[in-house]
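Remarks on the structure that follows.
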Amino acid sequence: MEILNTKSLRKEIIDRLEGHDFTNKILLLSKNPSQEVNHYKEVILKRCKELGITYIDKVFEGESQEEILDYLSTFDKKDGFIILAPFGDKEDLSLLKEKINLKDLDSFTYKSLGKILDGDKKALPATARAVVSFMDHVRLDYKGKRVVIANNTNIIGRPLAMYLASKRASVTIINSLTNNPKDLIKNCDIFISAIGNAHFYDKNYFKCGQLLIDVGTSYKNGRIIGDIDSDSISDMDVKYLGSKNGIGSITTLTLVEGLIY
Ligand SMILES: Nc1nc(=O)c2c([nH]1)NC[C@@H]1CN(c3ccc(C(=O)N[C@@H](CCC(=O)O)C(=O)O)cc3)C=[N+]21
């Protein structure tokens with residue numbers, strides 16, 4: 001197993017961000033935030049402080065979409081926003097997706113999602129963009145490659161699939177109902193996982209020559225555990241990007257990077 005890391009990409013992005021004079025704010029928007037959302041918020045806030053970015057941590061409770069739009073109308077169009085998911089309890093957010101016209105840092109709006117179909121990398125949500133930036137950074141050509149993505153959300157899997165398809169990769173999204181996922185995973189060239197199920201995939205799922213990107217995060221005794229059981233694949237001839245120095249360590253960077261696009 002060849003262990004990959006995002007250190008040099010991370011340095012490249014930090015250098016670009018540190019040289020920048022941030023004049024616009026980031027709005028962190030949450031609604032009845034879960035523990036996971038609050039944790040992610042802390043991680044983003046820490047990054048904003050490091051880089052001298054002003055942020056507003058706005059927590060909604062029972063507000064309607066109209067009321068939220070009213071609140072947002074007081075900000076500058078160049079201010080960035082992220083709607084932290086899950087935002088409330090599975091409610092309709094279509095008006096917000098249609099009407100918010102601030103800088104969309106995590107690809108929430110219909111406009112951003114549409115741009116992804118056209119192959120616009122900058123429109124990708126932060127985590128999906130971190131994956132693409134990593135593959136671009138190591139000069140991995142995904143044209144014609146068979147890619148399997150274990151994640152079917154609007155924040156990672158679906159936009160990533162559409163983007164890679166626009167660059168002529170052949171992409172399959174698998175979900176918990178997929179018939180014989182092992183067969184799909186074993187026969188792909190690139191496997192990207194973000195299911196958040198600790199060490200779910202072991203060596204039986206893989207074959208030599210594959211690139212495995214583990215975006216999954218579970219917590220055990222305060223440690224982050226990925227979806228892939230890396231010990232089990234340690235003597236296989238695969239390339240592996242795990243959670244240590246992996247995608248997780250650059251997602252807040254790609255998120256704030258959206259402010260300077
Ligand atoms: N619109 C939206 N986009 C998201 O990307 C999103 C979301 N909503 N809702 C909540 C989940 C949860 N999530 C985390 C990502 C990283 C860490 C994390 O801790 N990352 C690094 C630190 C990263 C850094 O320091 O840059 C670490 O693992 O040490 C935690 C949680 C994102 N989410």
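Every number for a ligand or one of its atoms is a count from 1 in the order of the listing.
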### Nearest-neighbour protein heavy atom for atom 20 (N) of ligand 1, which is reported as residue plus atom name and distance
Gly248 O, 3.8 Å

### Query
Is there a donor in the side chain of Thr109 and an acceptor in the side chain of Ser112, or the other way round, less than 3.5 Å apart?
yes

### Query
With ring centroids as reference points, do Tyr201 and Phe191 lie under 6.0 angstrom apart?
yes

### Message
Do the side chains of Lys31 and Glu63 get close enough for a salt bridge, i.e. N-O under 4.0 angstrom?
### Response
no

### Task
Tell me whether the guanidinium CZ or amine NZ of Lys121 lies under 6.0 angstrom from the six-membered ring centre of Tyr163 and within 45° of its axis.
no

### Message
Under 4.0 Å, counting heavy atoms only: does Ala126 come that close to any atom of ligand 1?
### Response
no

### Query
Near Val43, which atoms of ligand 1 are under 4.0 Å from a heavy atom of that residue?
19 (O), 22 (C), 23 (C), 24 (C), 25 (O)

### Message
Looking only at protein heavy atoms, which one is nearest to atom 26 (O) of ligand 1, and what is the separation?
### Response
Thr252 OG1, 2.4 Å

### Task
Show the numbers, then the answer: is there a salt bridge (Lys or Arg N to Asp or Glu O under 4.0 Å) between Lys103 and Asp79?
CA-CA 6 Å; Lys103 239 177 207 224; Asp79 290 334; over 6 Å; no

### Message
Could you check whether any heavy atom of Thr217 sits closer than 4.0 Å to an atom of ligand 1, since that is the contact criterion I want to use?
### Response
no

### Proximal ligand 1 atoms for Ala85, defined as those under 4.0 Å from one of its heavy atoms
1 (N), 2 (C), 7 (C), 8 (N), 9 (N), 10 (C)

#### Entry: Atoms of ligand 1 close to Leu84 [distance to a heavy atom under 4.0 angstrom, numbered from 1]
8 (N)

### Atoms of ligand 1 close to Arg47 [distance to a heavy atom under 4.0 angstrom, numbered from 1]
24 (C), 25 (O), 26 (O)

### Query
What protein heavy atom sits nearest atom 12 (C) of ligand 1, and how far away is it?
Glu36 OE2, 3.5 Å

## Note on the structure
Honestly, for His39 the part within reach of ligand 1 (heavy atoms, under 4.0 Å) is side chain

### Query
Does Val147 reach the side chain of Cys188, with side-chain heavy atoms less than 4.5 Å apart?
no

### Part of Ile250 within contact of ligand 1 (heavy atoms, under 4.0 Å)
neither

### Query
Does any non-hydrogen side-chain atom of Ile116 lie less than 4.5 Å from one of Pro125?
yes

### Task
Dump the intermediate steps for side chain to side chain contact (heavy atoms under 4.5 Å, CB included) on Glu66 and Ile68, then the final yes or no.
CA-CA 5 Å; Glu66 286 83 357; Ile68 293 169; over 6 Å; no

### Message
Salt bridge or not between Asp104 and Lys111? Use side-chain N to carboxylate O under 4.0 Å.
### Response
no

### Message
Out of all atoms in ligand 1, which are within 4.0 Å of some heavy atom of Ile155? Include the element for each.
### Response
2 (C), 3 (N), 4 (C), 5 (O), 8 (N)

### Query
Is it the case that Asp227 and Ser193 place a side-chain donor and acceptor less than 3.5 Å from each other?
yes

### Message
Can you confirm if the NZ or CZ of Lys186 lies within 45° of the ring axis of Tyr205 and under 6.0 Å from the centre of its six-membered ring?
### Response
no

### Task
Using a strict 4.0 Å cut-off to heavy atoms of Ile224, name the atoms of ligand 1 that fall inside it.
27 (C), 28 (O), 29 (O)

### Task
Output the list of atoms in ligand 1 that are nearer than 4.0 Å to some heavy atom of Ile83, sorted by atom number.
1 (N), 2 (C)

## Note on the structure
the protein heavy atom lying closest to atom 3 (N) of ligand 1 turns out to be Asp106 OD2, 2.7 Å

### Query
Which bit of Ser249 is near ligand 1, meaning a heavy atom under 4.0 Å away: side chain, backbone, both or neither?
backbone

### Query
When you look for heavy atoms under 4.0 Å from ligand 1, do you find them on the side chain of Tyr219, its backbone, both, or neither?
side chain

### Query
Which residue owns the protein heavy atom closest to atom 4 (C) of ligand 1, what's the atom, and how far is it?
Tyr40 CE2, 3.4 Å

